[in-house]
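One structure below.
Predicted, not measured: the structure shown is a model, and the values here were computed from it.
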Amino acid sequence: MLISSTITGLKLFDYWEPWLQPSSPCVSESASIIIQLGFLAVLFISSIKRLIKSWCIHETKAKSRETAPTNMNISLSYKLSLACSVILLGTHVIIPLAWKNTKANLCKQEIAILSSEMMQIISWVMTLIAVYVIPKHKNVDFPWILRIWWLCTFLLAVSRVTLDVQFLFSHHDHPGLPEYINFIQILASTPLLFLAIRGKTGIRVIPDPLTEPFLDSIQYPKQHLEAKTECPYGKASIFQLVTFSWLNPLFIVGKRKTLDQDDVPNIDTLDSSHFTSEFFDECLKQNGSEHPSIYKAIYLFTRKKIAINAMFAIANAVASYVGPYLISDLVSFLNEKKTRNLTSGYLIALGFLGAKFVETLTQRQWIFGARQLGVRLRAALISHIYKKGLVLSSRSCQSHTSGEIINIMSVDIQRITDLVWYINTFFMLPIQISLAMFILHINLGAGSFVGLAATFILMSLNIPLTRVQKWYQSKIMESKDARMKATSEVLRNIKTLKLQAWDTYYLHKLQGFRKVEYNWIWKSLKLNAVGAFIFWGAPAFISVLTFGGCVLMDIPLTAGRVLSALATFRMLQDPIFNLPDLLNVIAQGKVSADRVASYLQEEEIEPDTVEFVPRNLTEFDVEIENGRFSWDPDSRSPNLDQIQLQVKRGMKVAICGTVGSGKSSLLSCILGEMAKLSGTVKVSGLKAYVPQSAWILSGNIRDNILFGNAFDKIRYENAIKACALSKDLELFSAGDLTEIGERGINMSGGQKQRIQIARAVYDDADIYLLDDPFSAVDAHTGTELFKKCLFGMLKEKTVLYVTHQVEFLSAADLILVMQDGRIAQSGTFKQLMKENIGFEVLVGAHNQALESVQAVEISSRESEKTPTSDQESTLITELPQTKQDSDHNLCADMSKIEGKLVHEEEREKGSIGKEVYWSYLTLAKGGVLVPFILLAQSSFQLLQISSNYWMAWACPTDSTEIVNGMAFILLVYTLLALGSAFCILIRASLVAIAGLLTSEKLFNNMLISVFRAPMAFFDSTPTGRILNRASTDQSVIDLEMANRIGWCAFSMIQLLGTMAVMSQVTWEVFAILVPVTAICIWYQRYYIPTARELARLAGIEQAPILHHFAESLTGAATIRAFKQQDRFIEKNLCLIDNHSRPWFHNVAAIEWLCFRLNQLSNFVFAFSLVLLVTLPDGIIDPSIAGLAVTYGINLNVQQASVIWNICNAENKMISVERVLQYSKLTSEAPLVIEDSRPSNEWPENGTISFTNLQIRYAEHLPSVLKNITCTFPGKKKVGVVGRTGSGKSTLIQAIFRVVEPSQGYITIDGVDICKIGLHDLRSRLSIIPQDPAMFEGTVRGNLDPLNQHRDAEIWEALDKCQLGDIVRAKDAKLEYLVVEGGENWSVGQRQLFCLGRALLKKSSILVLDEATASIDSATDGILQKIITQEFKERTIVTIAHRINTVIDSDLVLVLSDGKLAEYDTPSRLLERENSFFSRLIKEYSMRSNFNKN
C-alpha cells in the first residue's frame, strides 16, 4: 500500500514537475488557478450573504428608496472598468479557440492550460456581472473582492509577459498569438490596477431637481455645502491621477498671475482636517485604554494608505533592478552581434525601457502618496494637540509652556510627517538588497556572499551611529524648546524689557540658549559627515571586497559581469544612502513622537468637578459645600479650604480681600478650573466670565463682543451702552469693525476690560463671574458700568464680582471677605461693619483715602472762587473726546485703512532674488568655502568614473580569456575608490561647517533686528509670525538648507559626469539630449512661478495656526466658561485646511514636474539603447558601451534630480528669504551714543520739561499729543489724569521714547533725551506698568535680572512692597520658582513685584502707570506711603484712576484730546467748580456713597 502510494506520488510529481519549473509559463497558470478558485469562492459567499440580507430588509425601506427619484452620473472610471473587463474576457475566450494552432509555443500541460482559461472565462463573466450591478446599488466604492481580483490579474499579466520575453529571448524565437494576447492583457489590466488602488467608482447620485432645494435646506447648511466643494484631485480621472494633469488649471493661473490663497483649490474630503481629526479620534478610541498609545493610533490611522504606498514602492524597487539584471545580456549581445538577431537586441532595449517606465510611474505614485499621508497625519495631530490645549489643567499648563507647545506643533509634527514619508524605505530596503544579491549571484556566483557580508557590515555600523544621533536629536529639541520658550516670553513682554532697559540682557540670554543649541547641532552635523563618508564610500567598499573575493575564489571577472555588478552596487547605493537618512529621521521622529505622546497624556481638567443642576430643581445658582480646592492636587495645603457658599438666583455677591487671599481662585473653583480635593460644587445655569487680565482676540471689536453668538442689533447696542463703549466706538473710523491687535495691544486697559465685559453681557448668561472688572477704568466710567451694567442689564442676573473698590461693596446683597484661602467673613455691608473683625480695615483705608480727598476739596472751597488772569493755573478748555489713546496707540493709523491694524503677512512676489542666494552663500567666511566644496564633489565624481572606467576597460569581454595582473587591476580600482570616498568626507565636513556658520549668522542678525525694532512693529505683528521664523524657518536653515543648496550643484556635477560617459559611446544621443534638455528647462520655468507662490503661501498660512493656538491657550478658561470649545476647534480646523491647501498642491506640483522630466529622460535613454543595438558591429567597444548603459540607467533620476533639487532649493530658500525680511527691520534709535553720553549722576534733580511737544504715530496721521508745553519740577510728585483717550499713556511713552516726537522736545535736567542713547535714558528711569510682567525663573531673577544687588537689598525691597513674609514662607525663598507669565502669583502680587523692582533700581524719576489698580485699598494706602517715603527726594509721575493716589500730588496735569487742559496744584484746580479735576473729585465722592437706591 505504502509502495503503491509512493509510486503514485512520484508519477504525479513527474507530471507536475515541468509545470512548476521557474522557466516555464505553467508557473503563472498554476498561480492563476489558485487565485481564481479563491476569487470564485469569496464571490459565491458574498453573493449568498447579500441574498440573505436582501430577504431580511423590511418592505417599507424598499418603498422609501423608491419615493426619492434620483439620477446618476456614470463616470469614466466605471466605463473604463466595464470596457477593460470585456477586453480581458475576450482574450481568454480567444486562447481556447486558437489552442490547436498555438499550443506548440505554450505550456505543454494541456489540461492545466484549458482548465485555467475556462476558469478565467467564468471569473471574468462573474466580474462583468458584479461591475454591471454597481450602478443599481449606487456603490461609491468598488467592492473589495473586485479590487483584489484586479490587482492579482495585473500581477499575473506582468508575470506572463516577463516569462514570454525570457522564453523568446532564450530560444531566439519570434512572438506569436499567445504573446500578443498576453501583451493586450497587461494593457487592459493596468487601468484596472489603478481603479483597484483608487477604489472609487466615480458614480454620483444626483437628487431630483424638484426635491433638491428642500433636501439641501434640511440636511446641509449653506456653509457646509461650500466647504464640501469638490477639488480637482477628488474628481480626477485615472489618466489625470497618473500624469498629475489635474493640476494643469492651477499652473495656467500661476503662469498668468501671482497666486493668492483664493486661487488655490480646496483639498479632498479625505485630506481635510475635519475628516482626519475624526478618524484619528476613532483610532485613539480603538486603543481602549485610559492613556491610548499614540504609536498605535498613528499605525491605525496610516496603515491603509501605507499599504497602498508600499505596493507602489515595492513595484518601484523591483523595476529598478531590471536594468542591472539585463546589462550582462546587453554586453553579451554586443559581443555576439554578428551571430545574433537584432530582434533579441530590441527586446533587451524594450525590457530596459519597460522597466524604467514602470519604475518612474510607481516612484511618482508612492512619493506623492507618502506626502499626501503626511498632510493627513499632520492635520490630525495638530487638531488633536489643539483640542488637548483647551482641556489642560493648570498644573499641566505650567509644566508645558506655550513656547514649548508651539515648538511641538511646528517642529515635532513636521518630523513625524517626515518619518511617514521615509517609512516606505522599510518595505523597499529588504527587496532591494535581496534583488541585488540575486543579480550578483547570477553574475558572480559565490562572490555575491562577500558582497552580502560587506553590505551587512556597513549596515551594522548604523546601530551605534543611530543611537548617538538619536541622543543628539533629543538634546537639539530640548535646547530648541528652551530657546523657543524664552523667545515666546520675551516677545510677550517686549514692552517691559524696553522700558526697563533689559533688552540687551535678554538678547544675550537668548543668544546663550542658541549657543547651547548650536553646539548640539554641530555635533549632529559632524556625525552626519562621518555617516556620509561611510555610506558614499559604501559602493566602493562593497565592490572592492566583492571583486577581491572573486579573484581569491578564481571566479572570472568579465566586463559584462563587472558592469552588471557595478550597476547593482550603484542601485544598492540608494538604499544604503537612504539608510542614514532613514535612521536619522527615525531618531528625530521617535523623539518628537515621544514628546507629542507626553503632551497628549498630560493631566486634564476634571469634567465632573462642577455638578450642573437644572434651574427648575433649585433656587440656588451657585452652591459650594465643604469645598477644598488646590491648583496642585498633590499639594498638602489647599489654596481654598472650608468653602461654604450659597448664592440665590439674582443675587449680587461682592468678593474682597487683600492681595493673594484667594479671590480669583474662588471664581476659578466655580468655573471648575481648580482641582477639587473634597466637597461639592453645584451650578445652575449658563456662565459668563470676565478674567482679571483682559483676554482679547485678534479681530474686530464686534467679533470680540459677539463671541460666536448671532448678531442681535438691539441687544448688541444695549450691551455697548451699558459698558460705556459708545463714545469709544465713535472715535474709530470703522466703528465696531475696527481691528484689534494681538492681545488687544492697540487698546487701552480700560477699553479692553469694557470689551470683555460687553462680551459677557451680550452672552445673556444666567451667572456672571467678574474678576475685578473696575480696576482698569476711571472713576466716571466705573460708576457708569456699575449703574448701567451690574444694576442695569444684569439686574435680574446672578453676579459674583471681585473688587478692591470699597465703594462698590455697599450695593451687594452678599459680601465675601477672603483671607488665606478661606471665607473669613460673609454678610451684607452693614452686618460686616458691625462684626468689627477685619472688614473694617479695608473700609477704613478707603474712608481714610476719601477723607483726604474731601479735605482737599473743602479747603479749596474756602479759597478764592475765581482765579485771576495772572494766576498760574491753566484755564480749563472743555474739549470733546475725539481721539482714542492707548498703551501703544496705533488706532489712528487705522483711519486710512478701514480699521485694519494687523495686515496679511507680507510676502515677496515673483522669483526669489539673486541677492537672497548671494546673501546665503557669502554670509559664512565671505563664501570662501563654496569653491572648495565644489572641487571636492567634482573630484569625487571624476575618481568614481575613473574607477568604473578602469574596471570596464581592463577586464576581458569573455570569460574564456585569461588576464594576468588581476590583483593590480583591483589595487588601482581600490585606490581610486578610496580617493573618491575621502573627497566626500571633505565635502560633507565643509558643507556642515558652511551651513551652520551661515544659519548662526542669519539667526543672530534676525534676533538683533527684532530686538531693536520699535514697539510699532510688535503692535502690528502677531507673535506667531516671529515665532514661526524663529522655529520652523530657522530649523530648515539649521538642518536642511545647506544640503539643499549643495545638492543643486552635486546633482548637476553627477549629470555632467553621466553625459560625459555616454558621449564616449553614443555621441549621437546629443542630437536628442539637447532639445529634451531645453524642454526640461521650459517645464521648470513653467513650474517655478506656481510652486514658489504655493510654498510662500504654505509658509504664511502656518503662522495663523500657531497664533490662534497661542491665543486659545491664554484664554482657555474663558473659552471653557462660555462653552465655546467647539467653535474654536472648528476655527483651528479651518486654519489647518488653509495651510494644507497650498502645501498639498505644492507637493503635487513637484510630482507633476518630476513625472514629465522622468518620461523625457526615459525617451533619451531609449534612444541611446536603440543606437547601441542598431549600430554595426565593431564601431563601439562592448565594455565601454556597457559602462555607458550602466550610467544611463540613472540618467532619468539624475536629470530629474537636477531640476527637482533646484526647485526644492528655491522652495526651501523661502525660509532664508523670510528670515532675511526680519533681519532688515526699521530700528529704534541707537542704544548708546558715545559722543552724547550723560554723566553717571544724571538725572540728579529729575526735572522733566516738555517744549511744544507733538506726537504722531506716522507722518500722514494727525498728532496725538498737541503742543504740550509744561515742566515737571524735580523731586516733586505729579499726577496725570484725564478721560480715556486723552493722551496720558502717550505722554509716558514719549518720556521713554517708545514713540519719538514729531515736533518739539523733552529735556530731563536740561539734557535733550532725543540726543542720548535709548539705553542711557531708560536705564536711568523707573516705571511700574499697568500690566505687570513676570518672567519664568526665580523670585530673585524677576526682581534683579541683571544681578546688581545683594540679598539683603532684595529682602528689604520685598518687605517694603508687602511680599517679604509671603516669599519667606516658601521653601526655596528667593530661589522660589516663577512659572511662565507669573501664573503662580496673583495679579496684585505681580504688581507688587514690579514695585519691588523700582525700589531696587532707585532711579531719580519714577513713573506709575495704574500701578496699584489690582491692589486692595488697604495695601494701596500702605504702598502709597512707602512710595512717598522711599521716593521723597525723587520725581514721581503718576497716572491713576483712583483719585486718592493723585490728590496728594504736588501738581496735577489734566489732558483732554491730546492737549494740556489744566496744570496746577490740586487745591488750586479744585477752586474752580467747573474744572475737569473738580468734576472727577465729585464723581469719585458720589460713587463712594453709591447704593442700589
Side-chain angles (χ1 to χ4, degrees), residues 498-504 872 874 1228-1255 1265 1267-1280 1287-1329 1346 1348-1349 1394-1395 1397-1409 1411 1427-1439 1446 1448-1455 1460 1463-1465:
K498 286 182 177 291
L499 293 177
Q500 299 283 3
W502 291 346
D503 43 353
T504 303
E872 292 178 11
T874 305
E1228 284 185 307
L1231 293 177
V1232 175
I1233 301 174
E1234 292 296 340
D1235 296 338
S1236 301
R1237 300 206 68 173
S1239 63
N1240 293 331
E1241 294 77 24
W1242 179 87
E1244 295 181 64
N1245 191 39
T1247 301
I1248 306 173
S1249 296
F1250 304 91
T1251 305
N1252 193 28
L1253 180 66
Q1254 293 194 40
I1255 299 288
L1265 289 181
N1267 299 317
I1268 303 294
T1269 301
C1270 63
T1271 299
F1272 295 170
K1275 302 179 181 178
K1276 299 290 183 181
K1277 186 176 182 182
V1278 179
V1280 181
K1288 305 184 297 294
S1289 293
T1290 305
L1291 187 71
I1292 300 305
Q1293 291 182 66
I1295 295 174
F1296 283 84
R1297 288 182 66 191
V1298 173
V1299 288
E1300 300 282 355
S1302 56
Q1303 284 186 31
Y1305 54 90
I1306 305 171
T1307 61
I1308 297 179
D1309 284 358
V1311 176
D1312 187 345
I1313 63 171
C1314 291
K1315 294 182 178 178
I1316 62 173
L1318 290 179
H1319 193 270
D1320 284 334
L1321 169 66
R1322 293 169 180 170
S1323 62
R1324 311 294 176 92
L1325 310 177
S1326 292
I1327 184 169
I1328 305 176
L1346 306 185
Q1348 295 175 330
H1349 302 279
C1394 293
L1395 175 60
R1397 291 170 186 161
L1399 291 171
L1400 278 174
K1401 201 171 183 181
K1402 296 179 180 177
S1403 301
S1404 298
I1405 298 172
L1406 172 66
V1407 177
L1408 305 173
D1409 187 1
I1427 290 170
T1428 303
Q1429 181 181 348
E1430 292 296 319
F1431 293 90
K1432 183 168 59 177
E1433 294 301 317
R1434 293 178 173 85
T1435 305
I1436 302 175
V1437 181
T1438 306
I1439 296 176
V1446 294
D1448 61 343
S1449 299
D1450 298 304
L1451 291 163
V1452 173
L1453 172 68
V1454 181
L1455 292 174
L1460 192 152
Y1463 183 47
D1464 212 324
T1465 62

message: Going by salt bridge (Lys or Arg N to Asp or Glu O under 4.0 Å), name the residues that satisfy it together with Glu1244, two or more places apart in sequence or in a different chain.
response: none

query: In Å, rounded to the nearest 0.5 Å, how long is the span from CG of Leu1291 to CD1 of Ile1248?
result: 8.5 Å

query: Is there side-chain contact between Val1280 and Leu1455, with heavy atoms separated by less than 4.5 Å?
result: yes

message: To the closest 0.5 Å, what do you measure between OG1 (Thr1438) and CG (Leu1453)?
response: 12.0 Å

- prompt: Are any side-chain N or O atoms of Asn1245 and backbone N or O atoms of Asp1309, one a donor and one an acceptor, separated by less than 3.5 Å?
  reply: no

In residues 1397-1404, what donor-acceptor pairs under 3.5 Å come from side-chain atoms, sequence neighbours left out?
unit_1: Arg1397; atom_1: NE; unit_2: Asn1342; atom_2: O; d: 2.8
unit_1: Arg1397; atom_1: NH1; unit_2: Ala1333; atom_2: O; d: 3.0
unit_1: Arg1397; atom_1: NH2; unit_2: Ala1333; atom_2: O; d: 2.7
unit_1: Arg1397; atom_1: NH2; unit_2: Asn1342; atom_2: OD1; d: 3.4
unit_1: Lys1401; atom_1: NZ; unit_2: Arg1322; atom_2: O; d: 3.4
unit_1: Lys1401; atom_1: NZ; unit_2: Leu1325; atom_2: O; d: 2.8
unit_1: Ser1403; atom_1: OG; unit_2: Ser1326; atom_2: OG; d: 2.7
unit_1: Ser1404; atom_1: OG; unit_2: Pro1243; atom_2: O; d: 2.6

- request: With sequence neighbours excluded, tell me which residues meet salt bridge (Lys or Arg N to Asp or Glu O under 4.0 Å) with Arg1297.
  value: Glu1300

message: Thr1271: which residues meet the side chain to side chain contact (heavy atoms under 4.5 Å, CB included) condition with it, sequence neighbours left out?
response: Thr1247, Ser1249

message: I'd like to know if the side chain of Asp1450 reaches the main chain of Val1278, judged simply by a donor and an acceptor atom lying under 3.5 Å from each other, with no hydrogens or angles considered.
response: no

- prompt: Looking only at heavy atoms, what is the nearest atom pair of Ile1306 and Ala1294, with distance?
  reply: CD1-O, 3.5 Å

- line: The complete set of ring pair (Phe, Tyr, Trp, His ring centres under 6.0 Å) pairs with one or both residues in residues 1232-1255, sequence neighbours excluded, reads Phe1250-Phe1272

query: Can you name the residues that form a side chain to side chain donor-acceptor pair (under 3.5 Å) with Thr504, not counting sequence neighbours?
result: none

message: I'd like to check Ile1268 versus Cys1270 (side-chain heavy atoms, cut-off strictly below 4.5 Å). Are they in contact?
response: yes

Spatial distance of atom CZ (Arg1324) from atom CG (Asn1240) [nearest 0.5 Å]: 6.0 Å

message: Tell me the closest heavy-atom pair linking Ala1229 and Leu1318, and the distance in Å.
response: O-CD1, 3.3 Å

Salt bridge (Lys or Arg N to Asp or Glu O under 4.0 Å): pairs with one or both residues in residues 1232-1242, sequence neighbours excluded: Arg1237-Asp1320

message: Going by the rule side chain to side chain contact (heavy atoms under 4.5 Å, CB included), which residues pair with Pro1301 if we only count those two or more places apart in sequence or in a different chain?
response: Leu1253, Ile1255, Cys1314

field: Those residues that, when tested against Glu1433, pass side chain to side chain contact (heavy atoms under 4.5 Å, CB included) (two or more places apart)
entry: Lys1275

- prompt: If you measure from NZ on Lys498 to CD1 on Ile1327, what distance do you get to the nearest 0.5 Å?
  reply: 14.5 Å

field: Asn1252: side chain to side chain contact (heavy atoms under 4.5 Å, CB included) partners, not counting sequence neighbours
entry: Gln1254, Asn1267, Thr1269, Gln1303

message: Asp503: which residues meet the side chain to side chain donor-acceptor pair (under 3.5 Å) condition with it, sequence neighbours left out?
response: none

message: Apply side-chain contact (heavy atoms from CB on, under 4.5 Å) to residues Ile1313 and Ile1295 and explain how you reach the verdict.
response: CA-CA 8 Å; Ile1313 63 171; Ile1295 295 174; 5.6 Å; no

statement: Rounded to the nearest 0.5 angstrom, the CD1-CG distance for Ile1292 and Leu1408 is 9.0 Å

